[in-house]
Amino acid sequence: MIKSRVIKNSASDFQLMARAIQLAQRGLYTTHPNPRVGCVITLQGEVIGEGWHMRAGEPHAEIHALNAAGGKSVGATAYVTLEPCSHFGRTPPCADALIKAGVSRVVMAMQDPNPRVAGEGIARLKAAGVEVDVGVLQAQATALNPGFIARLTRGRPFVRCKLAMSLDGRTAMASGESKWITSLAARQDVQRLRARSDAVMTGIGTMLADDPQLDVRPEGIDELHVVLAGETPRAPMRVIVDSTLRTPMASRALSLPGKKLIATAVEYSEILDTLRQKHVNVCRFAGTGKRVNLPLLLEYLAALEINELLVEAGPVLSGAMLQAGLIDELIIYMAPHLMGDQAQGLMTLPGLEKMSQRISFKTKEIRAVGDDWRITLQPAAS
């Protein structure tokens, strides 16, 4: 890893990096599988170019900013939320473009998390005589790309688990009825979570009970309309954890276009041929007790370049993911009503018998969404 000099950054460094992060956020729903990156170029205190990465395969943030500068970048400073790339992918190296443009200083929020390339962009810039500073608003830049970082450093996606419950912690009536626990505003907020996710995962219990579509429906969400601007929303991959292959062929999630994966523990079933005719990928992840090996499934999803995985499942799969230590963030929408002690609970967590066995969380955020509350939690063990 490249070590950069320790510096005391000016107030303008923080302000301009904050602007670069703001620009990067515009790619929240569109850059998969690439990271969200923003860039600001300044010369003698004046902003001469801005840009952000919009879509994979298209120019990176630095190139958009350099183009906006229009050849005025000699002696300029570039503020970038992520270390400029140093390799040829679908686009040429951004480090080379900055050097060629005559930029004299590059301030970046963080290094590239890929252990195979981290620091190479910095080294290339320094070798060309460019002054490099690293670590300005690093925490904010890291929060932009939790999935990209998790995939490259841990070999699995960043996993969010979304649940909706009543004040008394219930997710469905005893009969199974669950529509709707939360308000329209909360359900629209979930569409934002889906839109930023590369895959949405549920279990066979939810498939049989609710027949979910697991798609992105941007109606009534202004920022999604603006970002997508007439495009069809990118459908996240639909992942169904179905250990014994009971998913109905007429399920809406299988009928809609887009990539579909059924994770199973079954070695062979006649239903496989029918699923493949529907262009459904079926993979076996054999675990103990004829159940899907969840860590192995996440490794496979990472190999498919899934950065952020949203789990929208019932109490069994959600509980299994939590107890396996596979949930990075838990988002609970809590509605202001009571459903009674006979209604279904939030998670199935066998083996918890003593107070010392409690699973603890750190509260990251609590905010109102319509008439409901959205509680964002991080497992304390992580």
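In this text, all values refer to a predicted model and were calculated from it rather than measured experimentally.
Leu326 and Leu330 fall within a single hydrophobic cluster, where Ile, Leu, Val, Met, Phe, Trp and Tyr side chains are chained together by heavy-atom contacts under 4.5 Å. By the criterion of side-chain heavy atoms lying less than 4.5 angstrom apart, applied directly or through intervening Ile, Leu, Val, Met, Phe, Trp or Tyr residues, Val369 is not grouped with Met165; the two fall into different hydrophobic clusters. Note on Phe158: it does not cluster hydrophobically with Leu296, by side-chain heavy-atom contacts below 4.5 Å among ILVMFWY residues.
More than 12 heavy-atom neighbours from other residues, nucleotides or ligands sit within 6.0 angstrom of CD on Gln357.
With contacts defined as side-chain heavy-atom distances shorter than 4.5 Å, the pair Ile21/Leu144 qualifies. Contact check for Pro113 versus Phe148: side-chain heavy atoms found under the 4.5 Å cut-off. Using a 4.5 Å heavy-atom threshold, the side chains of Thr42 and Tyr79 count as touching. Proximity of Val80 to Val107: side-chain heavy atoms (C-beta onward) are nowhere separated by under 4.5 Å. When side chains are defined from C-beta on, Leu254 counts as touching Ile240, because their heavy atoms get closer than 4.5 Å. Residues Leu297 and Met201 form a side-chain contact, since some pair of their non-hydrogen atoms from C-beta on lies under 4.5 Å apart. A heavy-atom distance below 4.5 Å is found between the side chains of Leu304 and Met237. A 4.5 Å side-chain heavy-atom check between Trp373 and Ile366 finds at least one atom pair inside the cut-off.
The structure places CG of Asn145 at 6.5 Å from OG1 of Thr31, a figure rounded to the nearest 0.5 Å. Here the NE2 atom belonging to His60 is positioned 5.0 Å from the SG atom belonging to Cys85, to the nearest 0.5 angstrom. The CG atom of Leu23 lies 9.0 Å from the OG1 atom of Thr81; values are rounded to the nearest 0.5 Å. Interatomic distance, Cys39 SG to Glu50 CD, rounded to the nearest 0.5 Å: 9.0 Å. In this structure, CD in Glu299 is found 15.0 Å from CD1 in Ile306, a value given to the nearest 0.5 Å. Atom OG1 in Thr182 sits 5.5 Å away from atom CZ in Arg187 (nearest 0.5 Å).
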Output side-chain donor-acceptor pairs under 3.5 Å for residues 279-286, partner residues at least two apart or in another chain, one line each.
from: Asn281; atom 1: ND2; to: Tyr300; atom 2: OH; distance (Å): 3.1
from: Arg284; atom 1: NE; to: Ala265; atom 2: O; distance (Å): 3.1

Exercise answer: donor-acceptor pairs, residues 334-349 side-chain atoms, under 3.5 Å, sequence neighbours excluded:
from: His337; atom 1: NE2; to: Ile181; atom 2: O; distance (Å): 3.4

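Taking Glu308 as the reference, Arg36, Arg160, Arg196 meet the side-chain hydrogen bond (donor to acceptor under 3.5 Å, both in side chains) condition, with sequence neighbours excluded. Contacts of Asp328 classified as salt bridge (Lys or Arg N to Asp or Glu O under 4.0 Å), with partners at least two apart in sequence or in another chain: Arg154, Arg156. Residues that satisfy the side-chain hydrogen bond (donor to acceptor under 3.5 Å, both in side chains) test with Asn114, not counting sequence neighbours, are absent from this structure. Checked against salt bridge (Lys or Arg N to Asp or Glu O under 4.0 Å), Glu365 has the following partners two or more places apart in sequence or in another chain: Arg367, Arg374. With sequence neighbours excluded, the residues satisfying side-chain hydrogen bond (donor to acceptor under 3.5 Å, both in side chains) with Thr244 are Arg246. Asp215 pairs by the side-chain hydrogen bond (donor to acceptor under 3.5 Å, both in side chains) definition with Gln213, Arg217, not counting sequence neighbours.
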Under the criterion side chain to side chain contact (heavy atoms under 4.5 Å, CB included), I'd like the reasoning laid out for Gln111 against Ile122: C-alpha separation, chi angles, the key distance, then a yes or no. CA-CA 8 Å; Gln111 289 190 10; Ile122 295 171; 3.6 Å; yes
Side chain to side chain contact (heavy atoms under 4.5 Å, CB included) between Leu125 and Met108: does it pass, once the steps are laid out? CA-CA 12 Å; Leu125 290 166; Met108 57 190 76; 4.1 Å; yes
Let's go through Asp242 and Thr247 carefully: what are the C-alpha distance in whole Å and the side-chain angles of both, what is the deciding distance for side-chain hydrogen bond (donor to acceptor under 3.5 Å, both in side chains) to 0.1 Å, and is it a yes or a no? CA-CA 7 Å; Asp242 182 2; Thr247 302; 2.6 Å; yes
Yes or no on side chain to side chain contact (heavy atoms under 4.5 Å, CB included) for Leu294 and Met321, after CA distance, side-chain angles and deciding distance? CA-CA 7 Å; Leu294 295 172; Met321 290 285 290; 3.8 Å; yes
Residue pair Leu301, Val239: steps toward the side chain to side chain contact (heavy atoms under 4.5 Å, CB included) verdict: CA-CA 9 Å; Leu301 292 176; Val239 181; 4.1 Å; yes
Check the pair His53, Asn34 against side-chain hydrogen bond (donor to acceptor under 3.5 Å, both in side chains), reporting the backbone distance first and the verdict last. CA-CA 9 Å; His53 184 44; Asn34 290 353; 3.1 Å; yes
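Under a 3.5 Å cut-off, the side chain of Thr142 and the backbone N or O of Gln138 do form a donor-acceptor pair. Of the possible donor and acceptor atoms, one in the side chain of Thr264 sits under 3.5 Å from a partner among the backbone N and O of Val266. The backbone N or O of Pro315 lies less than 3.5 Å from no partner atom in the side chain of Ser318, so there is not a single donor-acceptor pair. The main-chain N or O of Gly370 is never found under 3.5 Å from a side-chain atom of Ser183 such that the two would form a donor-acceptor pair. In terms of modelled atom types and a separation under 3.5 Å, the side chain of Glu83 and the main chain of Gly119 share a donor-acceptor contact. For the pair Thr30 (side chain) and Met54 (backbone), a donor-acceptor distance under 3.5 Å is present.
Residue pairs that meet the side chain to side chain donor-acceptor pair (under 3.5 Å) test with at least one member in residues 61-77, sequence neighbours left out, do not exist here. Counting only residues at least two apart or in different chains, salt bridge (charged side-chain N to carboxylate O under 4.0 Å, His left out) contacts with residues 287-296 are absent. The list of ring-ring contact (aromatic ring centres under 6.0 Å, His included) pairs with a residue in residues 92-145, not counting sequence neighbours, is empty. Residue pairs meeting the salt bridge (charged side-chain N to carboxylate O under 4.0 Å, His left out) criterion with at least one member in residues 251-263, sequence neighbours excluded: Asp211-Arg252.
Under 4.0 Å is where a charged nitrogen must lie from a carboxylate oxygen, and between Arg105 and Asp13 at least one such pair does. In this structure, Glu312 pairs ionically with Arg194, as a charged nitrogen and a carboxylate oxygen lie closer than 4.0 Å.
Only one option out of Leu275, Ile204, Leu272, Val241 pairs with Ile262 in a side-chain contact (heavy atoms from CB on, under 4.5 Å); it is Leu275.
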